[in-house]
Structure formats: structure tokens, C-alpha cells
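Reading through the C-alpha cells given below for one structure.
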Amino acid sequence: MLKMKLFYCLIIFVFAGTIFAQKDVDVNAPGAKNPILPGWFADPTIKKFGDIYYIYATTDNEMLASGAPTVWYSKDFKNWYNYIMEIPSFSAQSITNFWAPDIIEGDNGKYYLYFGNCEIGCNIYGYVSDSPVGPWKKLSEKDVPVISNGYPRENFPSLDAQFFTDTDGKIYSYWGTWVHYNGGYAVGELDKDSMSKMKNSTNIPLEQTPAPFEAAYMMKKGSKYILMYSGASCHDETYNVRYSYSDSPYGPFIPGKNNPILSTNNDQTVHGPGHHSVLKENDDYYIVYHKHDYPMTRGGLARQVCMDKMVFENDSIIKTVVPSSRGIKDLVKSVAPEDIAFGAKTAASSFYHLKSTQYDYEYKTSYATDDNNATMWKAADNSTPQHLIIDLGSEKKVKRVMTQFEFASYYYQYKLEYSLNGIKWLQYADKSKNKTAGSPMIDDHDVTTRYIKLTVLGTEKTGLYAAVWNIKVYSSLFDVPLNLKNKESNTVSAAKSTKKLLVDLDAATIADKTPIATIKNKGTIGGIFSKSGEVFLEKTEGIKALNFKKGALTLDKSLPKSLSWNGSYTVATWVKNPEIAKEGEILASWCDRAQFGLANSYNALAYNSGPYGAGVHLDGHFDMKFNKLPEANEWHYLVLTFDGVVEKVYVDGVLNNSQNMLLSSAIDKAKIIIGASDIGENFSGFIASLRMYDYALNQDEVVKMMNQTKPKKE
């Protein structure tokens with residue numbers, strides 16, 4: 001009996017241990033394995049060529065998911081290295097969109113890269129190389145798409161193509177986006193002679209893939225063809241992964257009974273998972289997908305790549321995937337030595353505390369040494385220099401420091417120093433003039449030290465923060481697979497904020513009966529405002545103001561570089577709107593919507609009742625409305641601020657709404673316009689004053705400025 005009790009206890013112990021082992025970890029836990037990449041990447045395609053794993057992805061969180069064409073590679077799933085691929089531009093223009101790439105190895109040993117682009121219609125283009133990382137050569141010198149917009153049906157958008165090689169050697173592609181509007185995914189066979197055109201293409205009836213959106217992915221399990229895809233909306237928590245199955249690559253497909261199989265989890269730490277690929281390792285399957293960041297950036301385009309186990313019940317049923325922060329541990333044995341900075345104490349010049357209407361979150365210094373790609377240290381503002389100090393606890397040999405900055409495809413200028421006592425510092429690596437991007441940045445030296453100090457001196461793009469996902473420190477060197485190096489950038493380092501008042505327009509300072517064909521800007525950038533249309537100097541209830549009636553004031557000065565890209569700003573104005581329209585009513589604009597044609601490259605302040613009602617970025621997924629609309633026909637102090645992380649709108653000194661953002665503001669050909677946008681959208685009301693700064697005022701400063709500038713009756 002005692003033996004039986006011990007046997008049952010052992011079973012219970014093993015079972016409890018299994019349950020415990022499967023318990024997820026906190027999203028901010030040190031050593032968490034999801035996300036697997038340190039940075040903003042989406043739509044991942046994972047491949048294994050030889051003994052190296054590659055992840056091809058959309059570079060996210062910049063220019064509406066239109067960052068550099070990059071690939072990540074690794075031998076151990078622990079250390080991933082980023083490389084910016086050399087891809088020839090179109091003949092007529094450069095390539096901006098590099099969306100949802102896929103790659104296949106041809107029978108000839110060459111590699112074929114395909115990706116979506118919407119700059120000349122929404123098409124799939126193809127490139128070829130002798131290597132999985134390029135350099136790449138066009139499949140068509142005349143830029144003829146492999147899959148063109150409107151194929152196989154008129155107006156069908158050809159994006160998100162994934163290629164599948166069947167057991168008989170035939171290659172099929174599955175593609176389509178906004179599928180619920182466009183009647184079903186498309187399928188066709190790739191012409192293997194050219195690898196550059198499709199044949200026998202058709203659409204899969206919509207009812208065979210219920211509730212679709214985009215991102216079809218085909219795989220085979222036994223004799224069954226499993227067509228996986230993403231449903232709902234990629235912008236929010238509804239995004240999910242679904243599947244249907246068939247006996248043929250063309251269908252008909254039977255929807256999986258347990259759809260969706262991957263969704264936002266209960267505590268929303270895995271938020272909006274989708275657009276995936278699958279890795280088969282021995283007899284196990286792993287789903288590699290993206291999820292939204294936390295705190296979540298507006299529009300859901302700051303995504304990160306994750307991986308979890310995927311299990312089949314049989315050849316036609318996929319079990320529900322349990323998304324995790326824990327991720328997959330020790331999929332491949334790593335030969336890299338111990339990271340002696342893991343868990344080390346840290347101190348910094350500052351850290352960012354995000355406080356908004358949605359979030360209260362700290363980008364702690366300790367996040368730089370926690371080996372967790374969901375967390376990062378970020379300085380308190382986007383000024384430089386900023387520094388971070390790592391205390392290794394005792395004197396140790398240091399031969400390599402690997403730094404993963406927030407943006408892998410932009411360079412950071414920095415220096416590394418070391419110290420035995422934290423007082424006297426010696427140079428470890430001088431990258432103060434660095435113009436080469438990469439992740440990680442690898443700096444080798446041979447020293448004995450206790451403290452390592454990173455000082456960020458500048459960034460490639462205006463408004464980017466000193467921010468680090470992880471810093472790893474090693475006492476011995478180890479091989480880096482491929483050991484590729486990015487080309488040096490020819491871009492000058494980012495302009496910094498002047499911390500000054502750029503634009504100062506005050507109706508009270510304009511003499512009565514003065515013609516207002518031109519008005520002098522009293523801000524630091526100077527210049528003259530020229531009137532177009534109907535703008536009059538009037539008194540309303542004894543307050544002198546400019547009355548805009550389908551008119552505008554345009555400044556003749558170029559915008560300062562400090563407002564470019566992700567540069568901070570404040571626009572503050574005293575305004576009265578007699579009748580509030582549902583759209584338009586632009587109070588001020590200062591970006592060129594045509595330069596990139598992308599939502600996040602345009603900024604304006606509006607006063608309307610619609611979803612574009614406060615902060616305007618040309619797309620309802622990114623615009624910011626007023627949570628509580630300021631009353632019509634009353635004077636209000638409206639202030640729009642952006643500090644490089646959060647955009648906020650204040651009404652009469654009170655925070656009204658906010659959202660996390662990252663911008664790519666297009667200012668090269670733009671003008672500062674008061675009372676309209678660059679295409680009209682005129683304001684029809686009164687402006688007593690308007691000020692613009694190239695930094696973000698905090699709430700106390702907003703209230704102080706409101707009291708100082710409140711218009712007085714004459």
C-alpha cells in the first residue's frame with residue numbers, strides 16, 4: 001500500500017510539474033522568450049537554409065510599415081542578427097513598401113524573394129540571388145510584377161503572397177488582402193521555368209475561408225492541404241489566425257471547426273496575433289507570428305515577432321495555440337557563452353514614464369539587462385546625450401558588448417566606457433561618428449572591469465530616443481553566423497530640438513484697420529505669413545481675432561529640420577468655432593501629404609466632431625478625435641503636443657485625449673499653414689493667437705501658457 005501511495009504521489013508530482021512548466025510568465029519577466037526579435041517587425045516568414053534560420057519580415061513602426069528590407073538570421077534562436085538587404089529599386093522610383101516578404105529555394109539552387117508593394121498598384125514583385133540574403137537581382141528589368149493588381153479578378157489587390165512547394169515539386173502561391181471585401185483568396189501555380197509569372201490562377205470562394213482578412217499560408221500535413229489565414233482587423237485585438245483544409249491545393253476547402261486557433265489572450269499581453277508562417281523542426285511545428293506592442297502604438301503597426309508551439313490533433317485539425325510570453329526555450333542548443341550582464345543592476349541619466357489617458361508605464365533602466373525583447377530602456381525625452389550604466393557586481397573580464405537599439409535599420413552614435421570604480425572612465429569603443437545601422441551593434445575589446453557605460457550621442461532620424469532593448473556583455477568571443485555588415489548611411493545625423501518658440505501669431509498685436517495681406521511671424525524662424533482667400537481682422541465680443549472664411553495664412557519660411565520625422569512639437573491656439581463641422585476645420589498644418597503618401601507622415605490640428613477631430617494623420621486608424629468635443633461658439637485653448645512617443649490634445653488646460661504614435665513627418669516641401677490644410681479643409685471661425693514649438697509642453701506648461709496668452713477684451 002505504501003508503494004502504491006508513493007507511486008500515485010509520483011504521478012501527481014510529475015503531472016503538477018508538467019502543469020507548472022506550462023504556466024506562462026509575465027510579459028515583463030526577465031528572460032522571457034517572446035518576442036523572439038528585438039525590434040518592430042511584422043508578417044514574418046521563417047525559413048531554414050543549411051544550419052541557419054532566417055526571418056524575413058515587414059519592417060514596422062515607421063512610414064506606415066515601410067521600413068528597410070531586412071532579414072534576421074540565427075543558428076541558435078537565442079542570438080539574432082539583422083541585415084539590410086540590397087534590393088534594386090524600380091526603374092521609375094525607389095522602393096518604399098517592402099511588405100510581407102516570402103522566399104523559396106529553386107531547383108537550380110538559387111533563392112527567389114517575393115514581396116508586396118503598393119506604389120505602382122498593389123503588386124507582388126520578384127527577385128533572385130545566389131544567397132538567402134542577396135544581393136538581389138530583378139526577375140523583370142521592366143518591373144513586371146509576378147502577381148499584378150487585378151489578378152486573377154479585376155480590382156483584386158495582390159498582396160501578402162506566400163509560396164508553397166508541394167511534394168510533387170509544383171509551387172503554388174496564395175495571396176490577397178482585405179479579402180472580406182474582395183471575394184476570397186487567390187491561388188495559382190508558379191511557372192517554374194521563369195519563377196516570375198503565375199498560371200492556372202483562380203479565387204477561392206469566400207465561404208471556404210470564413211471571416212478572412214489577409215495573409216494566407218499553405219502547408220501540408222499528411223495528405224491534407226492546410227490553408228491558414230488571418231481574420232478580423234490587423235489594427236486591433238480582433239486579429240486572429242484561422243484555417244481550412246482540403247485534399248487539393250485548389251480546394252474545395254472545409255473550414256476548421258475550432259477556428260480561430262490563435263487569438264488575443266485573456267490578459268491581452270498577446271494582443272492581435274496573426275500574419276504567420278510555420279517552422280517544422282523534426283516532428284514538431286511552431287507558429288511564428290506577430291503581435292502588437294505594449295503599450296500599444298496607435299493603429300497597431302508597431303508589431304513584434306513571436307513563436308509558440310503548434311500541435312495537430314490529426315492531419316486536418318490544428319489544436320488551439322496557447323500564445324505566450326514564455327515562448328520556446330532551447331529549441332536549438334546555443335554555443336554562445338553566458339551573458340554576464342543578465343540581471344545586472346543599472347542606472348541611467350533618465351527613463352521615460354509614459355502617462356496618458358490609456359497607460360501608466362515605465363521604460364525602466366533594468367529592462368536593458370533583462371534579455372526580454374518585449375521591454376526596453378528608453379530615456380525620459382528625445383534629447384541627447386543620455387547614458388546607461390551597468391554594474392556587473394564585481395570585476396570581470398569583458399571581451400564583447402552587444403547592444404540592441406530600438407531601431408535596427410537606423411544608426412545610433414554612441415560611445416562605450418568602462419570603469420573599475422564607477423568614477424574614472426576609460427574608452428571601450430568610440431562610435432561617436434558611427435553611420436552604420438545594425439542589431440546588435442557588436443563592440444569587441446579586452447578589459448577587466450566592473451562597470452560598463454553606454455552614452456547615446458545622436459540618432460540617424462530626428463526625434464528617435466536613446467532606447468535599448470538589451471545590452472549583452474560577454475567574457476569570451478564567439479562566432480557570428482554570416483557576419484554580414486550593413487552599408488554606411490549617407491544621411492547626416494538628426495537635427496535636435498531648439499527648445500524655442502518657432503511661430504508666434506497674435507491678433508492683439510495687429511493694429512486696427514491694418515491690411516492683413518501679410519503678417520510678420522514673431523517666432524524664432526521668422527518669415528512672413530501671406531493671406532490667401534478670405535481672412536479678416538475683426539473684433540468678436542471685444543476680442544480681436546482673425547476671422548477665417550475659406551482663407552488661410554501661409555508662412556514663407558521652410559520648416560526647421562527639428563520638426564522632421566519623429567520630431568516633437570506643440571501647437572497652441574485660442575480659437576472660437578461658431579459651428580463645428582463633422583470633418584475638415586483645420587487650424588494648422590505643417591506637413592506634405594504627397595511626399596510619401598503615408599498616413600504617419602502628415603500632421604495637422606483640427607477642430608471638428610469626427611474621428612479626424614483633433615490630431616490628423618490622414619487615416620482613421622491613426623487620427624485622434626476629441627474625447628469630449630469643445631463647445632461651439634465659445635473661446636477655447638486647444639493644444640496639440642507630441643513628445644516622440646505620445647500625442648496629446650488639451651482643451652482649456654485639461655488632457656482630452658492621447659495616443660501612442662511614431663511619425664515620419666514629411667516637411668521637405670511643406671509649409672506652415674494656419675486656417676487650412678495643404679489641400680484646403682478650411683477652418684471657418686476665429687483664431688486669436690497661435691504658437692508653435694519644436695518640443696512638447698507638459699500639462700503644467702500648457703496651463704501656464706493658457707493663462708499668459710488668454711485673449712483680453714479691448
Side-chain angles (χ1 to χ4, degrees), residues 5-38 44 46 74 76-80 237-242 258-274 276 278-296 303-313 317-334 336 338-339 342-344 359-364 366-376 469-470 472:
K5 285 182 179 180
L6 289 172
F7 175 74
Y8 286 127
C9 287
L10 181 61
I11 290 177
I12 292 170
F13 177 78
V14 171
F15 178 74
T18 302
I19 296 297
F20 179 79
Q22 295 302 312
K23 185 178 179 181
D24 201 11
V25 300
D26 184 80
V27 66
N28 295 328
K33 300 304 178 186
N34 269 332
I36 60 177
L37 299 181
I46 188 165
S74 175
D76 60 8
F77 266 86
K78 180 179 181 181
N79 293 291
W80 288 90
E237 73 282 354
T238 64
Y239 204 49
N240 60 65
V241 175
R242 313 173 71 88
N258 58 329
N259 278 324
I261 55 143
L262 177 62
S263 305
T264 297
N265 61 4
N266 290 334
D267 65 5
Q268 298 205 343
T269 53
V270 179
H271 188 277
H276 73 290
V278 175
L279 172 69
K280 185 174 185 287
E281 188 78 1
N282 299 320
D283 293 326
D284 294 321
Y285 294 88
Y286 300 91
I287 185 168
V288 180
Y289 59 93
H290 69 236
K291 70 170 183 176
H292 297 140
D293 61 334
Y294 183 86
M296 183 178 164
R303 296 165 291 188
Q304 295 189 272
V305 175
C306 299
M307 182 172 77
D308 281 297
K309 191 81 176 284
M310 189 175 82
V311 178
F312 282 86
E313 186 173 315
I317 298 178
I318 304 173
K319 290 185 177 182
T320 300
V321 176
V322 180
S324 70
S325 297
R326 179 189 68 252
I328 306 298
K329 186 178 181 181
D330 298 330
L331 179 70
V332 180
K333 184 174 178 59
S334 177
E338 175 193 5
D339 169 18
F342 178 65
Y359 299 109
D360 188 334
Y361 181 85
E362 295 178 343
Y363 291 85
K364 301 175 182 178
S366 60
Y367 288 159
T369 58
D370 67 352
D371 193 21
N372 181 345
N373 296 326
T375 63
M376 76 172 90
W469 295 104
N470 302 286
K472 300 181 180 182

Heavy-atom distance under 4.5 Å between the side chains of Tyr239 and Pro260, does that happen here?
-> no
How about Pro44 and Val305: do any of their side-chain heavy atoms sit closer than 4.5 Å?
-> yes
Residues which pass salt bridge (charged side-chain N to carboxylate O under 4.0 Å, His left out) with Asp371, listed by chain and number, not counting sequence neighbours = Lys472
What pairs with Glu281 under salt bridge (charged side-chain N to carboxylate O under 4.0 Å, His left out), at least two apart in sequence or on another chain?
-> Lys48
From [atom1] ([X]) to [atom2] ([Y]), nearest 0.5 Å:
{"X": "Asp267", "Y": "Asp26", "atom1": "CG", "atom2": "CG", "value": "8.5 Å"}
{"X": "His290", "Y": "Gln304", "atom1": "NE2", "atom2": "CD", "value": "11.5 Å"}
{"X": "His276", "Y": "Tyr286", "atom1": "NE2", "atom2": "OH", "value": "16.0 Å"}
{"X": "Tyr294", "Y": "Thr269", "atom1": "OH", "atom2": "OG1", "value": "10.0 Å"}
{"X": "Ile318", "Y": "Asn258", "atom1": "CD1", "atom2": "CG", "value": "8.0 Å"}
{"X": "Met296", "Y": "Lys291", "atom1": "CE", "atom2": "NZ", "value": "12.5 Å"}

Looking at every non-hydrogen atom in both residues, tell me the closest pair between [X] and [Y] and how far apart they are.
{"X": "Asn34", "Y": "Gly327", "answer": "ND2-CA, 3.4 Å"}
{"X": "Asn372", "Y": "Ala374", "answer": "OD1-N, 2.8 Å"}
{"X": "Val321", "Y": "Lys309", "answer": "CG1-O, 3.6 Å"}
{"X": "Ser263", "Y": "Pro323", "answer": "O-CG, 3.7 Å"}
{"X": "Thr264", "Y": "Pro273", "answer": "N-CD, 3.5 Å"}
{"X": "Arg326", "Y": "Lys23", "answer": "NH1-O, 3.5 Å"}

Ring pair (Phe, Tyr, Trp, His ring centres under 6.0 Å) partners of Tyr289, counting only residues at least two apart | none
For [X], side-chain contact (heavy atoms from CB on, under 4.5 Å) partners two or more places apart:
{"X": "Pro30", "answer": "Phe342, Asp370"}
{"X": "Tyr285", "answer": "Met219, Lys221, Val278, Lys280, Met310, Phe312"}
{"X": "Val322", "answer": "none"}
{"X": "Asp360", "answer": "His353, Lys355"}

Does a side chain donor of either [X] or [Y] reach within less than 3.5 Å of an acceptor in the other side chain?
{"X": "Thr375", "Y": "Asn28", "value": "no"}
{"X": "Asp76", "Y": "Ser334", "value": "yes"}
{"X": "Asn373", "Y": "Asn470", "value": "yes"}

Applying side-chain hydrogen bond (donor to acceptor under 3.5 Å, both in side chains), name anything that partners [X], two or more places apart in sequence or on another chain.
{"X": "Ser325", "answer": "none"}
{"X": "Lys78", "answer": "none"}
{"X": "Asp284", "answer": "none"}
{"X": "Thr238", "answer": "Asp236"}

Evaluate side chain to side chain contact (heavy atoms under 4.5 Å, CB included) for Leu279 paired with Leu331, printing each intermediate quantity in order.
-> CA-CA 11 Å; Leu279 172 69; Leu331 179 70; 4.2 Å; yes
Checking Ser74 side chain against Asn79 main chain: does a donor-acceptor pair fall under 3.5 Å?
-> yes
Is there a side chain to side chain contact (heavy atoms under 4.5 Å, CB included) between Trp469 and Tyr367 once you walk through the steps?
-> CA-CA 7 Å; Trp469 295 104; Tyr367 288 159; over 6 Å; no
Out of His271, Gln268, Glu237, which residue meets the side-chain hydrogen bond (donor to acceptor under 3.5 Å, both in side chains) rule with His292?
-> His271
